[in-house]
Amino acid sequence: MDIPNETVDVLIIGAGPSGAVAAAHLNNQNYKVKVIEKSKFPRFVIGESLLPRCMDHFEEVGLLDCLKAEKFEVKSGARFLSKDIVCDFDFSKKHTQGWNWTWQVPRADFDNALAQELIKQGVNIEFELEAIDVFFNSDGSSKTTVKTKTNEELTIEAKFIIDSSGYGRVLPRFLGLDKPSNIPTHSSIFTHVKDIKRPEGKEGTLITFDVIDKDTWFWVIPFSNGITSIGFVGKNSLFESYKGNTTEIMNKMLKLSNYYYDRFSNLSFEFEPVHIKNYSKAVTKLYGKGFALTGNSAEFLDPVFSSGVTFATESGLLAAKLISKELNGECVNWKTDYADYISEGVTVFSSYVKEWYTGNLQTLFFHRPENLEVKKQICAVLAGYVWDKSNPFVKKHNRIISSMAHLINMQKEMTE
């Protein structure tokens with residue numbers, strides 16, 4: 001029998017926010033944790049806008065102070081523009097109690113700050129180590145084969161695996177768990193710029209979604225280091241209508257934004273714009289004997305409401321807590337306590353994404369005069385508090401948006 005190179009309680013695949021929060025919790029509980037990461041940090045990744053809900057997670061596991069020290073741009077809300085109408089959400093004016101702010105972050109710096117803090121705390125993180133095979137025993141214990149950057153193969157035995165590999169989707173690939181997402185098929189194109197025309201004051205710091213039409217929007221995420229992330233999301237057919245390389249396409253698409261064209265035209269891109277097609281992902285199950293999928297390894301929704309990191313940390317922390325219980329000999333109902341809970345939140349957010357693209361949610365955002373109580377309830381969802389059943393826009397998420405949009409449209413017709 002082969003002798004493993006390493007034996008741990010929990011193997012975590014991926015050192016992003018989900019893996020970091022999971023590792024921090026388990027390390028705090030004195031479990032032997034190993035984190036493997038295919039990339040070398042710092043490395044670029046998308047998902048640069050956070051939600052207040054994830055601040056709870058960083059605080060709980062002791063990772064908040066290292067992030068505060070980075071002095072990232074504070075995000076106290078989000079702005080949506082449609083022609084001449086502005087819909088401004090302020091996280092301090094929301095239905096659910098919770099954090100009133102979060103950050104806009106270059107993920108290379110953000111993820112690296114988390115990883116370096118974990119290393120300081122004694123967590124074993126190994127970079128440039130790729131999982132290439134995994135075998136599960138009947139009791140859920142596993143043997144994972146990993147490849148080093150010099151192509152040497154090693155094995156790691158673990159009692160449990162958390163797959164926080166994000167877009168790498170390691171276990172979904174190995175175990176055949178991928179399934180098509182039921183979110184509409186869209187593409188995105190994005191890059192970074194040195195924001196040399198950034199306005200002074202609040203205007204220059206605001207995260208904004210410029211709504212070009214029902215299916216197309218432009219994001220602007222300013223960072224505290226003078227760089228701004230910009231990107232378009234739209235139907236695949238829109239992108240196919242543009243010819244040229246991604247730099248040429250991005251420059252042509254910038255003309256779609258009347259509000260931002262002057263600020264970002266004629267600027268050099270920090271990297272060749274990246275084009276991702278059909279980015280929404282789903283899986284057939286979120287857990288199995290000896291493993292749990294967290295964050296983007298499990299589900300990735302459309303980026304319109306910046307839910308990625310929040311679901312990553314919510315699922316990473318919850319999976320770690322349940323594993324800790326199980327390793328302590330306690331009984332865990334993974335279906336109820338993990339899969340149903342995470343799926344509930346994903347389903348709420350999915351309703352908002354779908355209703356964004358039907359136009360119903362946009363109708364609520366841009367209807368004037370604003371209904372401030374409705375706005376507070378929607379704001380709580382946009383802040384990531386999607387498990388609060390006292391919020392009608394959580395409890396009745398599958399029908400309340402379309403019903404209210406229908407009423408607004410009927411009133412319009414009657415007054416025209």
> So which heavy atom on Ser49 is nearest to which on Ile207, and how close?
Replying inline: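 Looks like OG-CD1, 3.1 Å.
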> Looking only at heavy atoms, which two atoms of Leu51 and Ser306 are closest? And how far apart?
Replying inline: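 Closest heavy-atom pair between Leu51 and Ser306: CG-O, 3.4 Å.
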Distance-only donor-acceptor check, side chains [X] and [Y], under 3.5 Å:
X	Y	value
Asn100	Lys94	yes
His95	Ser390	yes
Thr208	Tyr259	no
Ser237	Glu240	no

Look at [X] together with [Y] and state whether they make a salt bridge at an N to O cut-off of under 4.0 Å.
X	Y	answer
Arg263	Asp195	yes
Glu128	Lys40	no
Asp340	Lys335	yes
Glu70	Lys68	no
Asp9	Lys159	yes
Lys75	Glu48	no

> Among all residues two or more places apart in sequence or in another chain, which pass the side chain to side chain contact (heavy atoms under 4.5 Å, CB included) test with Gln362?
Replying inline: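 Gln362 satisfies side chain to side chain contact (heavy atoms under 4.5 Å, CB included) with Val211, Lys214, Trp356, Phe366 only.
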>> For Lys235, is the NZ atom crowded, meaning more than 12 foreign heavy atoms sit under 6.0 Å from it?
In response: no
>> So if I apply the side chain to side chain donor-acceptor pair (under 3.5 Å) rule between Tyr385 and each of Asp56, Thr310, Thr96, which one comes out positive?
In response: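 Of the listed options, the one satisfying the test is Asp56.
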Please answer whether the main-chain N or O of [Y] pairs with a side-chain N or O of [X] as donor and acceptor at a distance below 3.5 Å.
X	Y	value
Thr246	Val274	no
Asn391	Phe393	yes
Lys277	Asn236	no
Asn27	Val33	no

Can you tell me how far apart [atom1] ([X]) and [atom2] ([Y]) are? Round to the nearest 0.5 Å.
X	Y	atom1	atom2	result
Ile162	Ser18	CD1	OG	7.5 Å
Ile161	Leu293	CD1	CG	10.5 Å
Ser351	Asn398	OG	CG	6.0 Å
Cys66	Leu114	SG	CG	5.5 Å
Thr294	Glu314	OG1	CD	11.5 Å

> Under the side chain to side chain donor-acceptor pair (under 3.5 Å) criterion, do Thr247 and Glu272 qualify, and how do the steps go?
Replying inline: CA-CA 6 Å; Thr247 295; Glu272 181 80 14; 3.0 Å; yes
> Do Phe190 and Ile230 come close enough that some side-chain heavy atom pair is under 4.5 Å?
Replying inline: no
> Side chains of Ile323 and Trp334: closer than 4.5 Å at any heavy-atom pair?
Replying inline: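 Yes - at least one pair of side-chain heavy atoms lies under 4.5 Å apart.
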> Do Arg43 and Asp111 pass the salt bridge (charged side-chain N to carboxylate O under 4.0 Å, His left out) test, and can you show the C-alpha distance, the side-chain angles, and the key distance before you say yes or no?
Replying inline: CA-CA 8 Å; Arg43 55 85 175 93; Asp111 292 10; 2.9 Å; yes
>> Quick check on side chain to side chain contact (heavy atoms under 4.5 Å, CB included): which of Leu407, Ile408, Ile85 does His367 satisfy it with?
In response: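 Testing His367 for a side chain to side chain contact (heavy atoms under 4.5 Å, CB included) against Leu407, Ile408, Ile85 leaves exactly one candidate, Ile408.
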>> I'd like to check the side chain to side chain donor-acceptor pair (under 3.5 Å) partners of Ser142; sequence neighbours left out, ordered by chain and number.
In response: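 Per chain and number, Ser142 pairs via side chain to side chain donor-acceptor pair (under 3.5 Å) with no residue.
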